[in-house]
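Notes follow the structure.
In what follows, chains carry the letters A, B, and so on, assigned in the order in which the sequence lines appear, proteins first and then strands, with residues in each chain numbered from 1.
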Amino acid sequence: MPLTLFDTMSRAQRELTPLDGSTYRFYACGPTVYGPAHIGNFRTFVLQDLFRRVLELGGTPTKHVRNLTDLDDKTIRVSQEQGQTLTDFTRHWTLLFHADCAALHCLPPHIEPSAVEHIPHQVRMIEELIAKGHAYAAPDGSVYFKITSFPDYGRLSRVKERELKQGASVSDDEYEKDTLGDFALWKARKPEDGPNFWPAPWGEGRPGWHLECSAMIREYLGDTFDLHSGGVDLVFPHHENEIAQSECCADSGHHGFAAHWFHITHLLVDGKKMSKSLGNLYTLADLAAKGYTPEEVRYVLTAAHYRAQLNFTFDSLDGARQALAKIARAERALAARAGQDAAPSYESLIGQDPGPFAPAWTALNHDLNTAETLGHVFTALKALKPDALTPAEALAAWRGLHLILAAFGIVLPQEKADEVPAEVRTVAEARWAARNAKDWAESDRLRGELDTLGWTMKDGREDYTLTRK
RNA sequence: GGCGGGGUAGCCAAACGGUAAGGCAGUGGUUUGCAAAACCACCAUUAGCGGGUUCGACUCCCGCCUCCGCCUCCA
């Protein structure tokens with residue numbers, strides 16, 4: 001079943017097939033490593049991960065390239081403010097980003113190039129663009145892309161004649177540009193950049209932000225590749241500028257850059273855009289401090305369709321916990337009936353027949369409609385009665401369920417047995433004995449005692465469970 | 001102002017020109033010494049507002065209201 005996905009450029013849903021006939025090669029704009037990524041950033045990265053999983057599990061291998069922006073205004077400014085070298089500074093935030101991605105069960109990209117390690121590639125592109133008449137050096141040593149030299153400029157964002165928002169001021173670090181829309185390929189060295197400058201034929205400085213992606217795509221994916229992805233905010237100007245740079249550089253001429261554009265809509269928090277001033281900007285660490293797991297966060301991020309604004313609330317996080325627990329119970333029942341223990345590996349699920357979860361798999365392959373998919377999952381789980389299935393039927397259903405879970409990157413909560421202190425265990429045993437002797441008064445008194453100790457005791461038929469409050 | 005995406009039950013959120021999935025919460029029941037958990041059942045005659053097209057619209061068209069995003073380095 002081919003995956004169909006909405007394409008920003010053509011504004012239509014299109015089937016995804018690898019240009020080279022075998023591997024689907026895509027590029028995702030990565031994080032700027034100058035601070036902790038927030039859950040809004042992670043919506044994008046988690047959805048890109050889900051996208052990749054659906055492709056791979058459907059039988060299409062991928063080549064996933066995602067950059068690290070470690071060289072831009074923010075990384076330079078903040079590292080300077082903190083008296084750190086750019087390298088030390090960005091390494092710190094890169095490590096945290098990787099830890100967060102791992103916690104969210106995102107597959108690592110196959111290649112993760114960094115901007116600062118590809119300066120020669122960027123310089124080379126600028127030289128080509130100047131030679132072809134698409135760029136010019138300003139007197140101060142900055143180089144700009146000349147948008148009037150690229151008639152297609154604005155095709156992706158459909159903004160031909162861009163107008164400055166009323167009252168918007170042109171920032172004072174804009175140098176001498178021919179036209180307002182021209183953007184920097186190279187930014188001349190400034191005193192506040194500190195030691196962060198590099199030599200170039202037109203003077204010391206550093207590459208402009210948009211250029212890094214173009215240069216690294218060219219290096220790792222070539223002039224033409226399958227898909228480019230990022231948050232909606234990148235449509236303009238970042239992706240528009242990338243198209244201009246890359247297509248003007250490419251030997252093949254125009255229209256050959258990304259064959260498909262996949263943009264993920266922003267996350268809202270309590271109905272508003274996240275911002276520090278509103279106090280609604282959350283990182284994974286913030287949510288962990290409130291007791292939420294990365295799995296619960298991932299569930300919320302993937303539960304809504306990627307092209308709709310997702311309103312992130314703590315209620316939805318609580319709901320995610322219950323929903324995951326519900327899936328986990330059903331999974332255990334199926335696993336038991338199927339005689340399975342550990343979850344099947346990701347690799348073993350490639351090409352898996354979804355079985356009773358076929359409607360879910362179909363919905364997922366239809367423009368990644370995750371919300372509809374989950375609806376089908378719960379409907380199917382409700383219809384399945386594990387005890388009425390043969391072990392073979394249970395196995396098929398169990399593997400079908402795991403296909404969907406693998407695509408979502410859902411890792412089910414384990415039944416974790418809390419370490420029970422001996423003192424608590426003693427009281428619990430006493431209560432269990434009292435209860436079995438039908439001494440309700442003593443039983444309730446001991447339960448109260450456990451409560452004081454910070455433990456909750458729940459009675460089962462054969463046994464009891466103790467959980468920390 | 002330009003471009004774009006939304007407004008569906010208490011919350012989150014889908015589908016569909018043919019009469020509203022699913023999750024959470026809630027309610028009733030089964031079970032339980034009680035409880036918790038679990039399981040079963042119920043839970044929008046109604047879709048921001050007003051028109052229109054149609055045998056029939058939440059779904060298509062028009063107008064309005066409203067929320068959100070981008071408009072030079074923000075996922």
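A/Ser316 and A/Thr313 share a donor-acceptor pair across their side chains, judged by distance under 3.5 Å alone. There is no side-chain donor-acceptor pair under 3.5 Å between A/Asn369 and A/His366. Counting only N and O atoms by type, the side chains of A/Glu372 and A/His376 include a donor and acceptor under 3.5 Å apart. The closest side-chain donor-acceptor pair between A/His38 and A/Thr283, if any, does not fall under 3.5 angstrom. Judged purely by distance below 3.5 Å, without hydrogens or angles, the side chains of A/His239 and A/His210 never pair a donor atom with an acceptor atom. A/His105 and A/Glu295 share a donor-acceptor pair across their side chains, judged by distance under 3.5 Å alone. A side-chain donor from one of A/Glu240 and A/Ser157 sits under 3.5 Å from a side-chain acceptor of the other.
Residue A/Lys326 has a polar side-chain atom (N or O) positioned under 4.0 Å from OP1 or OP2 of B/G23. OP1 or OP2 of B/A15 sits under 4.0 Å from a side-chain N or O of A/Asn369.
When the nucleotides B/G33, B/A13, B/A75 are ranked by their closest atom to the side chain of A/Arg431, B/G33 comes out on top. Closest to the side chain of A/Leu267, from the set B/A25, B/A14, B/A75, is B/A75. With distances taken from any side-chain atom of A/Thr379 to the nucleotides B/C74, B/C40, B/G22, the minimum falls on B/G22. The listed nucleotides are B/C39, B/A14, B/G23; the one nearest the side chain of A/Arg329 is B/C39. Of all nucleotides listed (B/G69, B/G33, B/C11), B/C11 comes nearest to the side chain of A/Thr313. Taking the side chain of A/Gln322 as heavy atoms from C-beta on, and the options B/A41, B/C24, B/C74, the nearest nucleotide is B/C24. Side-chain atoms of A/Met274 lie closest to B/A75 of the nucleotides B/G23, B/A75, B/C12. Listed nucleotides B/A13, B/G69, B/A75 differ in distance to A/Val232; the shortest reach to its side chain belongs to B/G69. The listed nucleotides are B/C34, B/A13, B/A75; the one nearest the side chain of A/Arg435 is B/C34. Picking from B/A13, B/C40, B/A36 the nucleotide with the shortest atom distance to the side chain of A/Lys385 gives B/C40.
The gap from the C1' atom of B/U72 to that of B/A13 amounts to 35 Å, rounded to the nearest Å. Taking the C1' atoms as reference points, B/U59 lies 14 Å from B/U53, given to the whole Å. Nucleotides B/C70 and B/U8, compared at atom C1', are 26 Å apart to the nearest Å. B/U32 sits 44 Å from B/A15 when the P atoms are compared, rounded to a whole Å. Nucleotides B/G63 and B/G22 have their C1' atoms positioned 34 Å apart, rounded to a whole Å. Comparing the same atom, P, in B/G5 and in B/A9 gives a spacing of 22 Å after rounding to whole Å. Rounded to whole Å, the P atom of B/G26 lies 15 Å from the corresponding atom of B/G10. Comparing B/A36 with B/C43, their C1' atoms are spaced 24 Å from each other, to the whole Å.
Judged by distance alone with a 3.5 Å cut-off, a donor-acceptor contact links the side chain of A/Asp444 to the base of B/G33. With hydrogens and angles ignored, a donor-acceptor pair closer than 3.5 Å exists between the side chain of A/Ser443 and the base of B/G33. With hydrogens and angles left out, the side chain of A/Asn41 and the base of B/C74 share no donor-acceptor pair within 3.5 Å. Between the side chain of A/Arg321 and the base of B/C24, no donor-acceptor pair under 3.5 Å is found.
Aromatic ring pairs are classed by plane angle as parallel below 30°, tilted from 30° to 60° and perpendicular above 60°; the pair A/Phe145 and A/His134 is parallel. Using a 30° and 60° split on the angle between ring planes, A/Tyr153 and A/Phe236 fall in the perpendicular class, above 60°. Ring planes of A/Trp261 and A/His228: parallel class, angle under 30° (limits at 30 and 60°).
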Map every base of RNA chain B to its dot-bracket character, where paired means a Watson-Crick or G-U wobble contact with both distances under 3.5 Å and | marks a partner outside the strand. (((((((..(((.....[...))).(((((.......))))).....(((((..]....))))))))))))....
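Regarding A/Phe314, its CZ atom lies at a distance of 23 Å from the P atom of B/G10, rounded to whole Å. Across the protein-nucleic acid pair, A/Leu374 atom CG and B/C24 atom P stand 12 Å apart, rounded to whole Å. Atom CE of A/Met9 is separated from atom P of B/G4 by 15 Å (rounded to the nearest Å). Rounded to a whole Å, the NE2 atom of A/His238 is 21 Å from the P atom of B/G69. Atom CZ of A/Phe312 is separated from atom C1' of B/C11 by 14 Å (rounded to the nearest Å). Atom pair A/Leu268:CG and B/A13:C1' shows a separation of 14 Å (rounding to whole Å applied). Between A/Gln309 atom CD and B/G6 atom C1' the separation is 6 Å, expressed in whole Å. Per the geometry, CG belonging to A/Asp439 stands 14 Å off C1' belonging to B/C34, to the nearest Å.
Residues A/Ala304 and A/Arg11 each lie close to RNA chain B; by heavy-atom proximity, the contact nearer the 5' end of the strand is made by A/Arg11. Nearer the 5' end of RNA chain B, as judged by each residue's closest nucleotide, is the contact made by A/Met457, out of A/Met457 and A/His266.
With centres under 5.5 Å and a plane angle under 30°, the ring of A/Trp440 is stacked against the base of B/G33.
In this structure, A/Gly230 reaches the sugar-phosphate backbone alone: every heavy-atom distance under 4.0 Å involves primed, P, OP1 or OP2 atoms, never a base.
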